[in-house]
A.B. asks: 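Before I ask anything, here is the structure I am working with.
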Amino acid sequence: NKIQINGTIIYKDLSEKIIEKLNDNLSVSEIIRWIREKTQYHFREEYGYDPQVGSLNNSAGRWNELIATTILSKIILNVNQQLENSFYVVTFQLPKSRLKNKNNHQLSSQILNLFHPSSFNKGQLLEQISQFKDQIFMPSPDYIIAVIPQKFIPSIQPLLQHQAENPDNLEIYQFLESKLKPNNIKAIISLKTSNRSDRRYQPLFEAAMLKAISYTLHQNWKYYMVSSELSSADNTIFETAIAPHSLVLGKNLKLVDGTYNFTQKEDLLKFVKEAIND
């Protein structure tokens, strides 16, 4: 008999006012607090009691993600207006990782599905990891920042605009699936409301896998940790951890390229600029 809170629908209902508040430079925590209070009020009006704190906390994480998607999309829309038409920047989320379907050509790792299956063939760009591709399991990164070829440019700005207005869709991923090359990817972002001590190492495993793939493919994919709440332990671990393959290579290769506190939209602009100015 429990009542579920659909955080995505609540966000969509309030999206116009949320964008107004973002444009007024309210902090993300202030906006999430406002959404939370609105949700509590209407829940109480409808059902006569308060929603569970855990349910609100889960929704707050989802609202943080949707706000970040809206902000990132708007930032990159503006960046693209200032670039020459030889290339465009794009950001998007990936579907959640799932085990490979035997009747489907897709891999369990969703980021690898951005590349055409023929790219893993002998003599092709991804040949070096082809023998391991079915054994690569990891969570889907929260966001990808990529630079796309000119032939895709006419479609990207409308898709980014739609993503800014409807941040829960996967249209850009679906559009670019099986079309990218490894050098199109510039940065990978892990976004968290906070990093619980027992979950802090999950994004580090994701980072380790992605950095190893990047190194094997002779790429320089950057990996950023972004959080609304960063503890001293977060900063220490994320800023000093080395990539595991460094031990084999005898090199001090950083695992995380940057740790950012996400409090308002200007915070995301910093690493977007860093990601594309390579």
Side-chain angles (χ1 to χ4, degrees), residues 3-48 50-83 88-96 142-145 153-176 189 191-194 226-229 260-273:
I3 300 158
Q4 184 177 358
I5 294 175
N6 191 320
T8 302
I9 290 178
I10 291 170
Y11 184 92
K12 284 184 174 180
D13 286 346
L14 300 174
S15 60
E16 287 187 17
K17 289 192 175 293
I18 290 168
I19 289 173
E20 286 178 14
K21 292 178 183 296
L22 287 170
N23 291 335
D24 290 338
N25 288 321
L26 264 71
S27 71
V28 174
S29 60
E30 288 176 298
I31 295 171
I32 290 176
R33 191 181 309 120
W34 173 77
I35 302 173
R36 191 178 182 122
E37 289 169 356
K38 296 281 282 186
T39 302
Q40 283 178 303
Y41 172 80
H42 286 285
F43 193 101
R44 198 181 300 117
E45 286 284 299
E46 183 72 21
Y47 303 109
D50 285 329
Q52 293 181 351
V53 173
S55 182
L56 282 172
N57 288 342
N58 288 338
S59 295
R62 179 63 174 149
W63 295 328
N64 184 65
E65 181 183 295
L66 293 168
I67 289 170
T69 304
T70 295
I71 293 174
L72 279 170
S73 302
K74 286 183 169 292
I75 286 172
I76 289 180
L77 277 165
N78 291 333
V79 167
N80 285 341
Q81 289 175 351
Q82 300 166 26
L83 293 173
Y88 264 15
V89 183
V90 64
T91 188
F92 56 93
Q93 292 183 283
L94 287 78
K96 293 186 182 301
D142 291 310
Y143 297 96
I144 300 289
I145 295 178
I153 286 173
S155 304
I156 285 300
Q157 288 292 82
L159 286 175
L160 279 168
Q161 185 62 51
H162 190 245
Q163 181 175 259
E165 297 164 359
N166 301 275
D168 62 316
N169 76 78
L170 295 170
E171 288 178 346
I172 295 179
Y173 174 85
Q174 291 160 355
F175 174 72
L176 295 174
I189 302 159
L191 176 79
K192 299 290 181 286
T193 306
S194 60
V226 181
S227 178
S228 303
E229 298 175 16
Y260 290 90
N261 198 20
F262 172 40
T263 58
Q264 54 191 41
K265 64 181 183 180
E266 283 74 16
D267 296 329
L268 299 186
L269 181 59
K270 295 174 187 174
F271 68 74
V272 169
K273 289 183 174 178

A.B. asks: Is Trp63 reaching over with its side chain to a backbone N or O of Ile35, donor-acceptor style, under 3.5 angstrom?
C.D. replies: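 No.
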A.B. asks: Could you check whether Asp168 pairs with Arg62 (Lys NZ or Arg NE/NH1/NH2 to Asp/Glu carboxylate O, under 4.0 Å)?
C.D. replies: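 Salt bridge flag = no for Arg62 with Asp168.
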A.B. asks: Is it true that a side-chain atom of Asn80 and a backbone atom of Tyr88 form a donor plus acceptor pair closer than 3.5 Å?
C.D. replies: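 No, Asn80 side chain to Tyr88 backbone: no donor-acceptor pair under 3.5 Å.
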A.B. asks: Are side-chain heavy atoms of Leu66 and Ile18 found at a separation under 4.5 Å?
C.D. replies: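 SC-SC contact between Leu66 and Ile18 ruled out.
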A.B. asks: Dump the intermediate steps for side chain to side chain contact (heavy atoms under 4.5 Å, CB included) on Phe175 and Leu170, then the final yes or no.
C.D. replies: CA-CA 9 Å; Phe175 174 72; Leu170 295 170; over 6 Å; no
A.B. asks: Are side-chain N/O atoms of Glu65 and Gln93 paired as donor and acceptor at under 3.5 Å?
C.D. replies: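 Note: Glu65 and Gln93 side chains meet the donor-acceptor criterion.
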A.B. asks: Taking the side chain as everything from C-beta on, heavy atoms only, tell me whether Val79 gets closer than 4.5 Å to Lys273.
C.D. replies: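 Counting from C-beta outward, Val79 and Lys273 never come under 4.5 Å.
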A.B. asks: Give a yes-or-no answer on whether the side chains of Ser227 and Tyr260 include a donor-acceptor pair shorter than 3.5 Å.
C.D. replies: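 No - no donor-acceptor pair under 3.5 Å links their side chains.
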A.B. asks: For Gln52, I'd like to know if atom CD has over 12 heavy atoms of other residues, nucleotides or ligands within 6.0 Å.
C.D. replies: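 No, the 6.0 Å shell around CD holds no more than 12 heavy atoms from other groups.
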A.B. asks: Is there a donor-acceptor pair under 3.5 Å between the side chain of Ser73 and the backbone N or O of Thr69?
C.D. replies: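 Checking the backbone N and O of Thr69 against the side chain of Ser73, a donor-acceptor pair under 3.5 Å is found.
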A.B. asks: Distance-only, no hydrogens or angles: does the Asn64 side chain make a donor-acceptor pair with backbone N or O of Ala60 under 3.5 Å?
C.D. replies: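 Checking the backbone N and O of Ala60 against the side chain of Asn64, no donor-acceptor pair under 3.5 Å is found.
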A.B. asks: Heavy-atom distance under 4.5 Å between the side chains of Asn166 and Asn169, does that happen here?
C.D. replies: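 Answer yes - side chains close enough.
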A.B. asks: For Thr70 and Tyr11, which I'm curious about, is there any donor-acceptor pair between the side chains at under 3.5 Å?
C.D. replies: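 Their side chains do contain a donor-acceptor pair, which is all the 3.5 Å distance test asks for.
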A.B. asks: Counting neighbours of CD on Glu266 that are heavy atoms of other residues, nucleotides or ligands and sit closer than 6.0 Å, is the number greater than 12?
C.D. replies: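 Check passes, neighbour count above 12.
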A.B. asks: Is it true that Ser27 and Gln264 share a donor-acceptor pair across their side chains at a distance under 3.5 Å?
C.D. replies: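 Note: Gln264 and Ser27 side chains miss the donor-acceptor criterion.
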A.B. asks: Judged by atom type as modelled, is there a donor-acceptor pair below 3.5 Å linking the side chain of Thr91 to the main-chain atoms of Ile144?
C.D. replies: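 Present.
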A.B. asks: Assess the side chains of Gln161 and Glu165: does a donor N or O sit below 3.5 Å from an acceptor N or O?
C.D. replies: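 Short answer, yes.
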A.B. asks: Using 4.0 Å as the upper bound for N to carboxylate O, is an ion pair formed by Arg33 and Glu30?
C.D. replies: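 No, Glu30 and Arg33 are not salt-bridged.
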